[in-house]
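Just below is one structure, and these are the notes that go with it.
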Amino acid sequence: MTNQPRHSPDASHAGHSGGPIRHSAVVHHDRGEVEAVQDALEAAMAACGYSKASLFAVRLSFQEGIANAFNHGHKHLPPHTPAKVEFAVTPAEVLIAIEDQGPGFKPDAVADCTLDENLEVPRGRGVMLIRAYMHEVRYNDNGNRVEMIFRAKPSA
Amino acid sequence: MPSDSRLRIRKQDSVVQIEFIDRNILDEGNIQMISEEISRLIDAETTPKLLISFANVDHLSSAALGALITINNKIRQKNGQLRLAGIDPQIYEVFVITRLNKLFQIHESVDDAIKSFG
């Protein structure tokens with residue numbers, strides 16, 4: 001899915017000039033473990049010159065992806081079941097993959113929370129926020145792995 | 001109020017004013033605590049008038065939006081009123097994307113929100 005995310009230009013003269021900054025981790029439903037990956041992701045983005053608005057978009061999408069993995073994917077699994085998180089950051093784009101061990105879900109079956117009749121329903125906004133803030137979002141056939149791509153907006 | 005409260009609360013005239021202590025309203029455990037604390041405030045009022053200020057908040061998640069919807073529903077069941085104020089433009093955009101700016105009464109400043117209570 002491609003859309004027009006909302007963010008200001010990212011620096012064209014990023015400090016990072018090598019290959020992608022990659023990270024792979026197995027995380028449990030633990031705030032400290034998740035924040036450690038998030039910190040590494042944001043450090044990589046900062047090294048590549050991404051703007052504050054881009055960091056906001058990616059942080060939100062990452063948090064929603066993690067919440068979906070543990071709260072929905074692992075809903076019926078033992079609480080210590082880990083999920084796998086990978087990211088690769090270049091000055092051009094940020095790729096994040098989150099894979100849970102659950103049975104998967106059908107993203108297109110999630111109700112449209114922006115319809116008037118669903119506005120007061122407390123759940124179901126994570127998937128749409130990821131789609132709104134990332135340029136590309138794809139799921140594997142099982143629906144237990146999401147890959148999301150955020151592309152840098154070139155400065156003028 | 002419990003000592004581990006994640007909120008600053010004060011009541012002025014009939015309006016309960018709430019501010020978040022945390023800059024990031026992302027963690028589900030925290031969100032649940034916040035939600036339960038606000039629910040107790042609603043329970044304590046006959047016709048609740050709540051003003052929630054986001055002045056200190058940099059990030060929030062869909063779980064936080066869900067908690068706000070639950071709070072709004074609870075207040076409306078008691079014929080009360082909820083106002084939101086001081087929302088950072090980046091966070092306001094999350095409300096716009098989800099169309100929750102149509103559900104909530106959102107004001108730029110706390111003063112504007114206070115004046116809006118009926």
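Protein chains get the first letters and strands the later ones, always in sequence-line order, with residue 1 at the start of each. Everything numeric in this text was worked out from a predicted model, so none of it was measured.
If you chain together hydrophobic residues whose side chains sit under 4.5 Å apart, A/Phe56 and A/Ile149 never meet in one group. Transitive grouping of hydrophobic side chains (ILVMFWY, heavy atoms separated by less than 4.5 Å) keeps B/Ile21 and B/Ile31 in distinct clusters. The hydrophobic clustering, which links ILVMFWY residues whose side-chain heavy atoms are closer than 4.5 Å, places B/Leu26 and A/Val58 apart. No continuous path of hydrophobic side-chain contacts links A/Leu95 to A/Tyr139 [ILVMFWY only; heavy atoms under 4.5 Å]. When the side chains of ILVMFWY residues are joined at heavy-atom separations under 4.5 Å, either directly or via intervening members, B/Met33 and B/Ile25 end up in two distinct hydrophobic clusters.
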Audit row: B/Asp27, A/Glu35, side-chain contact (heavy atoms from CB on, under 4.5 Å) steps and yes/no: CA-CA 10 Å; B/Asp27 179 72; A/Glu35 280 184 358; over 6 Å; no

Verdict with supporting geometry, A/Tyr133 and B/Glu93, side-chain contact (heavy atoms from CB on, under 4.5 Å): CA-CA 11 Å; A/Tyr133 279 99; B/Glu93 198 168 12; 3.9 Å; yes

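Heavy atoms of B/Glu28 lying under 4.5 Å from chain A belong exclusively to its side chain. Proximity to chain B is limited to the backbone of A/Leu115, based on heavy atoms less than 4.5 angstrom apart. B/Leu68 does not touch chain A: none of its heavy atoms, backbone or side chain, sits under 4.5 Å away. Residue contact with chain A, scored on non-hydrogen atoms closer than 4.5 Å, involves the side chain of B/Asn30 exclusively. For chain B, no part of A/Val34 is nearby; none of its heavy atoms comes within less than 4.5 Å.
Taking chain A as the reference chain and counting heavy-atom pairs below 4.5 Å, the highest number among B/Leu103, B/Asp58, B/Ile69 is found for B/Ile69.
Between A/Glu120 and the choices B/Asn72, B/Thr70, B/Asn73, B/Leu100, the side chain to side chain contact (heavy atoms under 4.5 Å, CB included) rule is met once, by B/Asn73.
Residues A/Ala132 and B/Ile97 share a closest heavy-atom pair of CB-CG2, 3.7 Å. Nearest approach of A/Leu119 to B/Thr98, heavy atoms of both residues: CD2-O, 3.7 Å.
A salt bridge does not link A/Asp116 to B/Lys102: none of the charged side-chain nitrogens sits closer than 4.0 Å to a carboxylate oxygen.
Shown here is A/Asp141, whose CG atom has no more than 12 heavy atoms of other residues, nucleotides or ligands within 6.0 Å. Counting non-hydrogen atoms of other residues, nucleotides and ligands closer than 6.0 Å to CZ of A/Arg123 gives a total of 12 or fewer.
A/Arg125 contributes no side-chain N or O that, together with a main-chain N or O of B/Ser62, makes up a donor-acceptor pair within less than 3.5 Å.
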